[in-house]
Structures are given as structure tokens and as C-alpha cells.
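What follows is a short report on a single structure.
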Amino acid sequence: MKKKMGVSLILVLLAVSVLSGCGSGDKNTITFWTPLTGDDGAYMDQLVKDYNATNPEYKVKHVITSDMYTKISTVLNSGKGVPDLAIIHADRVPGFVKQGVLEPMTGVMQAQPELKEENYLPQAWNTGNIDGTQYTVPLDIHSNAMYYNKDLLKKYNVESFLDDDVVTIEEMLSLQGKLDEGDYVVNDALLGWVVLAQIQNLGGDIQQDGKPAVNTEVMKQAFQEIKKIADAGLMTPFGEDGYLMFQSGNVLFSTDGTWSSTAHAAVENLNFGVTNIYSANADKFTNRASSHLFAMLNNDKRTDEKEAGIGQFLEFIRQNSMEWAKAGQIVASKQVIENPEYNKYIQSFFTASDKQIESLYIYTYEYYPYVAEAVDTYAADIVRGNVDIDETLQTMQKFVEDKIAEGSKAAE
């Protein structure tokens, strides 16, 4: 028994040691946590390497973790191993601020005066502003995007769909009965994101007076519009990997993300371009988006000197994040996206005009993550007609309300 207890104690001490080692123990190092576990992690590694090569007083250590938000909760509760800097997603900001998790960027911005609103894409900057206080500095906007197969558009003589940069559901339906067997108009990639885009296209929202608004007429209409495509047999089959079907050359449009451009570009003979997510309304188009944001978690051990060092790193990123465009992201820094070199990246389409920039919609509702989870959970079954839409919208509304209640109870 004593032997077992000894082993358990050692394991606990090792776990604490690992978490502490990932935090801000080195006074001359900025410990930087990110959830960038995919290829984008390598691009961030390169940015950090480039910055450290400038020989700053405070070098940056990039720590990638797949369960970063869980670890954030752990280190904040223990007060040990809190990172100096982290990348968080836009939908986390309202909740984190309400919980008192984030430290304002006030000191960082004072140390680096070019870290200011006018130097960034407005949605990315504003996402981090709560009641007039700036809690984040943006890295990017990553958006839903609709890729198209140029060869298939030409084959079916519908290249004109792209003339106004708005492919409508009505235009898609015009291809019913005209496609070869095995070809489809659109896949169901990121279907939940597409639904949330239609909410904006139809003039709706996901909240009313601070309360979640899921079981609504506009949500129902959004699903019904998309369901028309599936009902017409024009959407890739339920359960099939529509993303891979697009890469195989059997789908005209793929509604995945800006970050997917690198994967599509690696497919031999895939002749593709990018446009906006399809819309039920020819006069309105929306690309549901999010943002990676630099943030400082509350940490009493972070010195003013280290905070100034963080400012230097963020200013370097503002000026030198062309590398991040290689990851398929819409860089938030205007200095980068206004550089002619940025135009060689396909996602530059989304910042080519004010109208395109305005189409990038980031939900900032406090309980957006719960709404998004509900939509993602039930969207496929609703669109395919596997469930009754009215009953399922009621279920989704309760799903969100229950999540909110659970969160409130846990916070007590």
C-alpha cells in the first residue's frame, strides 16, 4: 500500500511540475500558449523563431497544446504555471472577461502605440473590446469560405454564378436534373457555419435581450433554405465526406474554411478558386468568421518589464505576419494585407474591398459557443430531413438554456 501511495504522489508531483514548467517560470522568457495543433502551429513556430532571431531581451517560447482551455482552467485555479501570453478564440472573450480571467492590454498598448484599432481589421479588433476596454490584440480572422471547381463550372456552363460574387440558393437549384451521376452542386462542410451565415443574411440574430434565440422563425427559415438544396439531391450524400469529394473533382462548391486553401492547393489537378458562402438573398452575403487573438491571462507574477516584452513581440507580429498568410488565414494587420505580396494568397479575396471585409461576421454573444454547439449537433439531421424541424428547434433551445444554467451553477 505504501509503495502505491508513493508512486501516486510522484505522478502528481510530476504533473504539477510539467504544468509549472509550461508557465512563466523563466523571468527572461515569454511563455506563449496556443491551441495550434495543425499545420498552422508550424507557421507560428516560424514566426516565433523569426522574432527570437532579432535577439530581444525577452525571447518567446511557443507551447502548443490540444487541450489548452482545460489547462488554462487548471493553472488559473492553482495559480501556478500561468502563461505570459496565449492565443484564444474570439468566442471566448466575453465569458473570460466576465469571469475575470483576462488582463487588459492597456500597458502593452501604451508601450507599443502602433498596437491600435486603426491598424487592424475592425471585426478582429472589436472582438476584444468589452465595455471600452481592450483585452486582446488580433492575429487573424479565419472565415467560412466557398471554394469552387473551375472545371466543373465551365462544364455545366454556370461560370456566370460568380459574376456578382454571390451564389444564390436559387442559382444552385437551377442545376437540378442537369448534373452527371456522381456530381453534386455543394457539400455539407462546416454546415453549422453556413447556417449561422444565413441567420445574418435573413436579418436575424442568435440572441434577444441577452437571451439565446434559437427556436425562432429566422432560424427555421435558414434551415429551410439550405434544406431546399438537399431535397433537390444537389448536396453530397448524408454521411459521405463532401470535403474529399470536392477534392476528388465531383463537387462544384465546398463550404469549408479559409485555412483549407493550403490542403486544396496540394491536390494535383484541382483547379479551384474561392468566393463567398452561398446566400438565400442576392443582395446580402455573409461569411461566418472567428479570430485568433493574443491575450494575457491574469498572472500576478508577470512583471511590467515582461509585459513590455510582450508588446515588442506583438508589434513584430503586426509588421511581419506575412508568414501567417501561408496558413490560409486572413491576417488582421492592415500593414500586411495592404502589402502587394499578400495578393498572391487566395484569402486576399476577403479583404479586397470594404464590402468583402464587412461580410466577415464574428458572433460576440456571450453564449455563442453554446448556440454554435447546438447548431453543429443538429444541423445535418435537420437539413437532411431526418428529424422534425419544429421539435428539433425546441430541443436546441433547451440545449442552450441547459448549458447556460450549468455554467451559472458551476460559477457559484
Side-chain angles (χ1 to χ4, degrees), residues 11-26 29-49 60-96 99 101-102 127-128 136 138-144 189-193 241 243-244 256-263 266 288-299 313 317 321 323-324 326-330 362 368-370 372-377 403 406-407 410:
L11 290 174
V12 169
L13 290 173
L14 282 172
V16 172
S17 176
V18 169
L19 281 174
S20 298
C22 290
S24 53
D26 187 343
T29 299
I30 295 168
T31 306
F32 173 40
W33 284 14
T34 79
L36 306 173
T37 56
D39 292 340
D40 48 5
Y43 292 111
M44 181 54 67
D45 277 339
Q46 186 60 51
L47 280 168
V48 170
K49 182 179 179 180
V60 176
K61 180 182 179 182
H62 182 206
V63 180
I64 303 173
T65 175
S66 59
D67 57 348
M68 189 189 74
Y69 291 116
T70 300
K71 286 190 175 180
I72 283 176
S73 178
T74 300
V75 298
L76 286 175
N77 285 333
S78 69
K80 298 179 180 180
V82 180
D84 300 300
L85 185 68
I87 278 183
I88 64 174
H89 292 89
D91 57 45
R92 296 280 178 162
V93 176
F96 275 5
Q99 295 162 27
V101 168
L102 299 184
T127 295
T136 65
L139 170 63
D140 67 29
I141 291 178
H142 44 283
S143 170
N144 207 183
L190 291 184
L191 186 59
W193 288 47
D241 192 329
Y243 178 90
L244 292 180
D256 45 286
T258 49
W259 57 90
S260 303
S261 61
T262 55
R288 182 280 199 207
S290 186
S291 181
H292 288 119
L293 307 164
F294 294 103
M296 296 188 301
L297 306 176
N298 278 333
N299 182 2
F313 174 57
I317 295 294
S321 50
E323 180 74 17
W324 194 239
K326 296 178 183 178
Q329 311 290 6
I330 302 168
I362 301 176
Y368 166 79
Y370 299 149
E373 184 180 354
V375 172
D376 288 340
T377 299
K403 287 280 186 178
E406 290 170 12

Taken in chain and number order and not counting sequence neighbours, the residues that satisfy side chain to side chain contact (heavy atoms under 4.5 Å, CB included) with Leu190 are Asn144, Trp193, Trp259
Residue set satisfying side chain to side chain contact (heavy atoms under 4.5 Å, CB included) with Ala42, at least two apart, ordered chain then number -> none
Flag side-chain contact, heavy atom, 4.5 Å: [X] against [Y]:
X      : Y      : value
Met296 : Leu85  : yes
Val82  : Asn298 : no
Tyr368 : Pro94  : no
Leu76  : Gln99  : no
Leu139 : Leu293 : no
Met44  : Ile87  : yes

Can you classify the ring geometry of Tyr69 versus His89 as parallel (below 30°), tilted (30 to 60°) or perpendicular (above 60°)?
tilted
Between [atom1] on residue [X] and [atom2] on residue [Y], distance to nearest 0.5 Å:
X      : Y      : atom1 : atom2 : value
Trp33  : Ile64  : CH2   : CD1   : 13.5 Å
Ile330 : Trp324 : CD1   : CH2   : 13.0 Å
Ser143 : Gln329 : OG    : CD    : 10.5 Å
Glu323 : Ile317 : CD    : CD1   : 10.0 Å
Lys71  : Thr65  : NZ    : OG1   : 3.5 Å
Thr31  : His62  : OG1   : NE2   : 11.5 Å

Which atom pair, heavy atoms only, marks the closest approach of [X] to [Y]?
X      : Y      : result
Gly192 : Asp376 : CA-OD1, 3.3 Å
Ala289 : Ile141 : CB-CG2, 3.6 Å
Ala295 : Ile88  : CB-CD1, 3.8 Å
Ala327 : Thr262 : C-CG2, 4.2 Å
Ala90  : Ile362 : CB-CG2, 3.8 Å

Tell me, with the steps shown, if His292 and Leu36 meet side-chain contact (heavy atoms from CB on, under 4.5 Å).
CA-CA 10 Å; His292 288 119; Leu36 306 173; 4.0 Å; yes
Distance-only, no hydrogens or angles: does the Ser261 side chain make a donor-acceptor pair with backbone N or O of Thr258 under 3.5 Å?
yes
Establish, from distance only, whether the side-chain atoms of Asp140 and His142 form a donor-acceptor pair under 3.5 Å.
yes
Looking at Asp241, I'd like to know if its CG atom is crowded, meaning that more than 12 non-hydrogen atoms belonging to other residues, nucleotides or ligands lie closer than 6.0 Å.
yes
